[in-house]
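Every number for a ligand or one of its atoms is a count from 1 in the order of the listing.
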Amino acid sequence: MLLALGLLFAALSLGRCIPLQQGPSRSKLLLVSFDGFRWNYDQDVDTPNLDTMAADGVKAKYMTPAFVTLTSPCHFTLLTGRYLENHGVIHNMWFDTKTGVRLPYYTTQGISSWWDNGSLPIWITAQRQGLKTGSIHFPGTKAKYQKEEVYKKLVEPPLFNYSNEANWRQSINTAMEWFTAENLDFITLYFGEPDSTGHKFGPESTQRKNMIKQVDRTIGYLRQRIRESGLESNLNLIITSDHGMETVIKTNEIHIRTFSNFTFKDLDFELLDYGPNGLLVPKEGKLEHVYSVLKNAHPKLHVYKKEEFPKRFHYANHSRITPLLLYSDPGYVIHGRYKVQFNKGEHGFDNQAMNMKTIFRAVGPSFKKGLVVEPFDSVNVYALLCELLGITPEPHDGSLEVTKPMLRESTGNEGNGSGPSPRPASKLPLMLGLALVLGCWGGVF
Ligand SMILES: [Zn+2]
């Protein structure tokens, strides 16, 4: 009797202490990203499982990613609802303009200071409000944020095969186990395709179409496992991506080294050979000279001083952005000292280009059925995730109003409105190493 009273009292006080908690009615949420899934990849391949999901839930005509359309930056926009210039993860690569050190995608995943610079990803916000979260391979998973980290995480080893279908199914099984046995509320799940195949063979290739069939089979398997796990009525599923993919044009290429009057001796630092984007730090007194030499050097190359970069990109107003920025028109990549980029597909381009647009699909108890919604910007996804989880968002750049029409009248939750330093290295071995591994890190993400 005393024990029962004690439990009752504990339950009552718990209810008062956590005002947002909706008890057993809170829906779980699974956010899935298939890297580099262009908005129209399902239009030239049979995708029965994606079609069924659209009939059962909501499909956006397409989603516009943030600029630059690179993997880590765009995923961090999904997790924070902020543009790149506000969340600070402005590139896939960690770099230091003073030492010249640049680190590739995988290494950068482990450098907390690159990720943790003011904007809190939704995992941490959810945990602070009493939820249990997990993440499998999602960009940003490995980092710590204000000394906190995702409760359950799987981080891939350095030479991970991002394309293996059996691995994908294992990841799905792990997520289901975390939802059921561990009672997690929110999991992010990342797959490295169809990005890798799009880079290697091009977005119009047979290989890319076959990879979309693999993605579709995986979505079928995922939804089957959700049903088998008894989660169908209690789990909202969102399937989205970070950016699209463009066929690389191999004629009239942009090769900085060949431009007349340009010399790398005028630079203190450059981040080039990474698709269509470039960051430059001219030597003292050389900014105007380098700018004027590059400005009209190639009809497909755009060169800006940091403060003059177009505001619509929401990109340049951050301390990590260098005094000069370059980007090129769709299809054209920027070559630096040497030609080391050989991909047939690339991204990183203007987010207004249709081939950079990506997908957004959702199904579950909170979503309407068979609804196709107008395109929207990915910066708005974060507010939706917070609404679905019933948590109060951090300050962000999006709005729940954009995605609210997708939701049924009652979502079951109350609405809430709106590292370690790298080793110092000399530049020469670094550049050699850069040239050697560029084929690798330029090839994916
Ligand atoms: Zn990507």
Side-chain angles (χ1 to χ4, degrees), residues 31-41 62-80 83-84 87 89-94 103-109 114-115 121 135-143 155-156 160-163 168 171 188-203 205 207-208 211-212 214-215 218 238-248 273-277 315 327 330 333 341 343-351 353-361 377-379 381 438 440-445:
L31 175 68
V32 178
S33 171
F34 285 98
D35 197 311
F37 197 123
R38 198 169 75 188
W39 72 284
N40 58 356
Y41 269 179
Y62 58 80
M63 185 172 80
T64 298
F67 182 87
V68 290
T69 48
L70 293 180
T71 296
S72 291
C74 288
H75 278 97
F76 210 57
T77 290
L78 291 171
L79 294 169
T80 61
Y83 295 112
L84 274 61
H87 69 50
V89 181
I90 55 110
H91 205 280
N92 280 347
M93 287 171 73
W94 182 96
L103 298 173
Y105 174 87
Y106 183 81
T107 314
T108 303
Q109 293 295 317
W114 183 248
W115 298 85
S135 184
I136 298 172
H137 305 155
F138 211 86
T141 297
K142 205 174 177 183
V155 175
E156 65 275 24
F160 187 67
N161 181 350
Y162 287 96
S163 311
W168 292 8
S171 295
T188 54
L189 173 57
Y190 168 85
F191 299 100
E193 292 281 6
D195 182 78
S196 298
T197 300
H199 278 300
K200 192 172 177 188
F201 300 101
S205 64
Q207 289 88 342
R208 186 277 296 168
M211 185 50 73
I212 294 305
Q214 179 176 322
V215 169
T218 301
I238 292 175
I239 293 179
T240 187
S241 178
D242 49 355
H243 52 73
M245 189 67 70
E246 179 75 70
T247 301
V248 173
D273 303 303
Y274 207 97
N277 314 104
Y315 178 64
Y327 80 93
V333 301
Q341 299 183 90
N343 283 335
K344 291 184 176 171
E346 205 49 81
H347 53 88
F349 300 99
D350 188 338
N351 58 349
M354 278 312 290
N355 284 341
M356 288 301 101
K357 311 288 186 186
T358 186
I359 56 162
F360 181 93
R361 315 291 181 94
D377 290 353
S378 70
V379 78
V381 170
L438 257 169
C440 177
W441 82 47
V444 291
F445 315 112

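The Zn ion (ligand 1) has no N, O or S atom of Asp195 inside 2.8 Å of it. When distances to the Zn ion (ligand 1) are checked against a cut-off of 2.8 Å, Ser241 contributes no N, O or S atom below that limit. Backbone or side-chain N, O or S atoms of Cys74 do not reach the Zn ion (ligand 1) at under 2.8 Å.
Note: Tyr162 and Phe160 have perpendicular aromatic rings, judged against thresholds of 30 and 60 degrees for the angle between ring planes. Under the 30°/60° scheme for interplanar angles, the aromatic rings of Phe34 and Phe191 are found to lie parallel. Aromatic ring orientation, His75 versus Tyr190: perpendicular (interplanar angle above 60°, classes split at 30° and 60°).
Restricting Asp35 to its N/O/S atoms, the shortest distance to the Zn ion (ligand 1) is reached by OD1. If you look at Asp242 and ask which of its N, O or S atoms sits nearest the Zn ion (ligand 1), the answer is OD2.
Remark: the Gln207 side chain and the Thr197 side chain contain no N/O donor-acceptor pair separated by less than 3.5 Å. With no hydrogens or angles considered, no side-chain donor-acceptor pair links Thr69 and Asn351 at under 3.5 Å.
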